Amino acid sequence: MTAHPTPAGPRPPFIATVPGFPRIGAHRELKKAIEAYWRDPALAPELAKTAAALIDRRLKRATATGLDSVPVGTFSFYDQMLDVAAMVGALPARIDGIPDHRTAAATGDDASAAELLPPWLDRYFAAARGADGIPPLEMTKWFDTNYHHLVPELDPARGFTADPSFLVAQVRRARRDHVPARPALIGPVTFLALSKTAAGATGEPLDRLSELVDAYLDILDALAAEGVDWVQLDEPAINTDRVPAEMEARVAGQWRRLVEHAHGLGLAVLVQTYFTDGQRAVDVLADSGVDAIGVDCVAGAVPDVSGLPASTLIVAGIVDGRNVWRTNCGRALGSLAELAQSHPVAVSTSCSLLHVPHSLAAEPSLANEPELRARLAFGEEKIVEVVSLARALHHPGGQRIRRNGFLAAAEADKSADVSSATGSGALERRKGGVHDRSPFPLRREAQRRALDLPPLPTSTIGSFPQTPEVRAARAAFARGESSECAYEAAMVREILHVIEEQEKLGLDVLVHGEPERNDMVQYFAEQLDGFHCTSNAWVQSYGTRCVRPPILHGDVSRPAPMTVRWFRAAQDMTDRPVKGMLTGPVTMLAWSFVRDDRPLADTAQQVALAIRDECRDLEAAGAKVIQVDEAAIRELLPLRPEDRAAYAEWSVESFRTATGGLSDATQLHTHMCYSDFGSILDLIRDMDADVTTIEAARAGYELVDAIANSDFDLPLGPGVWDIHSPRVPDVGEVTERINHAVRTLGPDRVWVVPDCGLKTRSWPETRASLGALVKAARKVRASL
Ligand code: GLN
Ligand code: ZN
């Protein structure tokens with residue numbers, strides 16, 4: 001390893017930390033305890049005990065591993081945005097009447113654990129999930145991650161208040177256990193930038209910054225009273241266009257107020273950013289007096305910190321907090337040493353470890369994959385990396401470093417570099433000429449001859465209800481408890497059932513229903529080379545919902561067809577066209593952990609080539625319609641506007657590679673979830689699918705109007721009812737929606753479909769809703 005210069009400046013107040021921890025428990029203990037409490041409020045004491053155990057273990061362990069400043073308060077019962085909403089009295093008014101069930105907790109044997117259940121807990125859960133007749137808060141993606149946060153609705157008629165008791169209870173436990181505690185919460189700018197104004201009220205949330213900062217000053221008072229010396233406020237939004245340029249001066253001014261107040265209390269302040277290089281926050285807050293700034297050194301370039309006072313601590317997020325690879329410690333140490341020439345430096349992860357699984361030790365599936373395992377670092381291992389790097393930076397050559405396995409980690413880097421450099425041959429061989437389809441008007445003619453569909457064709461998005469029987473059959477096969485033959489028979493029985501139901505309903509383009517799929521990404525990841533599917537590597541997606549993203553670790557290829565047998569089974573049962581169903585390359589990447597040793601664009605292209613082969617095989621098996629879902633295409637859109645053109649280019653390229661081998665007569669569908677597509681209509685146009693289905697019902701049909709007024713000129717299926725809710729739509733409202741689409745888009749372009757797949761719905765709801773859909777489509781058809 002090369003020698004690095006030793007840090008020039010003063011010794012930093014701390015050298016090793018992280019912005020936050022995973023909180024759901026390595027075995028999803030918190031999920032289970034919360035869901036049990038929802039079912040039975042008498043289980044409040046158990047919930048408190050589970051929370052206490054998770055918090056205590058987490059903080060003590062981080063301290064024992066060597067973090068010398070530990071964030072406290074990144075534990076949450078549901079979501080960190082909702083935590084702040086509760087803490088500043090900004091839960092929506094509509095849940096005011098929800099009664100408090102926690103009282104049972106006070107009778108539990110651990111009274112200090114009971115303190116962890118805040119008085120607002122039941123209202124908090126009601127705001128997150130809704131309650132009888134009370135709609136929940138909206139949920140949306142946390143920046144460009146797969147975590148989803150709740151969107152607080154701020155009512156200007158209700159002032160902010162400060163109730164930091166939940167945070168204080170955590171701080172007390174930490175201090176009792178001698179944890180070097182640094183209370184952490186989302187900062188006021190980010191909280192407002194990600195909130196919305198309650199319906200009926202006016203003004204932008206950010207207009208209330210100074211009012212909210214008043215509440216934060218009270219929170220700081222309460223924290224200082226606990227005897228802590230640092231606080232962390234997360235302000236990732238300052239780096240994004242969520243905070244308009246004209247707000248910068250106000251942000252700087254309010255931050256100065258916060259910092260002055262903190263200093264008056266003897267508190268030092270860390271402003272934590274992540275998901276972009278942090279340059280804008282560095283610039284905007286340069287004169288605010290903040291004592292430390294946490295920057296993401298993985299998402300982009302290491303920011304230029306020369307504008308910051310020489311005493312400002314740089315908390316360098318050099319260990320990737322949202323991917324699963326080991327850090328290249330030699331390279332990391334080089335960047336750290338450079339930063340340390342001008343400023344005191346502490347080592348950290350690029351963002352909260354919320355976005356990675358807890359620990360490799362909890363993942364049994366890696367036992368037989370020693371080579372892959374050696375390249376991986378989950379949450380626990382990343383903390384070890386942070387500590388090792390911090391010690392290497394600040395005590396170069398020290399014995400402790402070697403004992404800590406730092407050199408072993410550096411060795412692993414080398415082998416990782418070697419193994420990930422293997423073959424990109426498949427890609428080279430097949431470059432060029434990957435998209436050979438004719439322009440849309442010619443394809444439309446060919447498809448008209450091949451398909452003979454009525455105007456306003458009806459179809460669905462792919463999945464049908466996944467009944468307990470279907471899940472049980474799949475699980476039994478996965479555990480090795482049933483034979484391939486029995487499993488296949490069970491799936492084919494279900495496919496037959498789904499086909500019969502659709503024929504009875506009178507749908508025009510059928511689907512096989514996807515009974516064999518646990519998840520639209522994992523199903524394919526399990527069959528493609530280059531992916532590893534984990535068994536316990538859970539990551540929180542929202543609230544108590546967790547996912548296990550597959551790990552894309554090598555070159556991707558398709559050893560054998562993946563969906564053809566199920567398609568064949570379905571198509572053999574009916575004369576109507578059955579859609580072949582595939583997941584697109586961008587969505588495969590968006591919902592996996594991806595390689596970081598080569599451009600995403602190259603990996604997308606590899607996945608695309610595998611899907612391209614599957615498309616060709618489906619076509620050869622008789623598929624006249626093929627749908628390639630890109631549910632997540634909006635999700636990967638870069639946070640920085642200047643990065644978006646490059647994204648549009650490679651994402652479109654990968655989709656066109658995946659689908660561009662289809663003949664003109666085969667009708668290509670794509671489907672996308674979410675309805676905030678306004679910004680990517682050009683991208684979707686360039687994907688050039690013959691039919692695009694989107695989620696539209698919840699947001700009203702404004703999106704349809706926007707599309708009608710845009711350059712997007714291809715056929716469109718705006719979902720006619722919201723499948724996320726159990727409500728069955730009536731024929732009248734569906735008719736109204738179809739009429740709206742026909743009016744704005746013209747009758748030749750409209751498909752009639754639900755918003756998304758139906759796998760979470762029950763059969764009775766599904767039958768009734770699709771019945772209304774078909775009836776409404778026929779009604780409008782007759783009126784054309
Ligand atoms: N074809 C998938 C399904 O119907 C699409 C799911 C999605 O868009 N998230 O389940
Ligand atoms: Zn969808």
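Whatever order the structure lists them in is the order used to number ligands and atoms, beginning at 1. As the structure is a prediction and not an experimental result, all values here were calculated from the model. Position 1 is the first residue of the sequence, and the numbers go up from there.
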**Asked** Does the side chain of Ser535 come within less than 4.5 Å of Glu363's, by heavy atoms?
**Response** yes

**Asked** Any side-chain heavy atom of Tyr487 within less than 4.5 Å of one from Glu516?
**Response** yes

**Request:** Could you walk me through whether Glu526 and Arg474 pass salt bridge (Lys or Arg N to Asp or Glu O under 4.0 Å), step by step?
**Result:** CA-CA 14 Å; Glu526 278 169 358; Arg474 229 176 30 227; over 6 Å; no

**Fill in**
Rounded to the nearest 0.5 Å, the OG1 atom of Thr467 sits from the NZ atom of Lys759 at a distance of 13.5 Å

Name the orientation class of the two ring planes belonging to [X] and [Y] (parallel below 30°, tilted from 30 to 60°, perpendicular beyond 60°).
{"X": "Tyr542", "Y": "His148", "value": "perpendicular"}
{"X": "Phe143", "Y": "Phe275", "value": "tilted"}
{"X": "Phe125", "Y": "Trp38", "value": "perpendicular"}

**Complete:** Pocket residues around ligand 1 (non-hydrogen, under 4.0 Å) come out as Ile461, Gly462, Ser463, Glu514, Met520, Asp629, Ala631, His671, Cys673, Cys756, Gly757

**Request:** Give the total of protein N/O/S atoms at a distance below 2.8 Å from the Zn ion (ligand 2).
**Result:** 3

**Message:** Distance alone, cut at 3.5 Å: any donor-acceptor contact between the side chains of Glu153 and Ser195?
**Reply:** no

**Prompt:** Which residue, Leu150, Val151, Leu194, forms the side-chain contact (heavy atoms from CB on, under 4.5 Å) with Thr140?
**Reply:** Val151

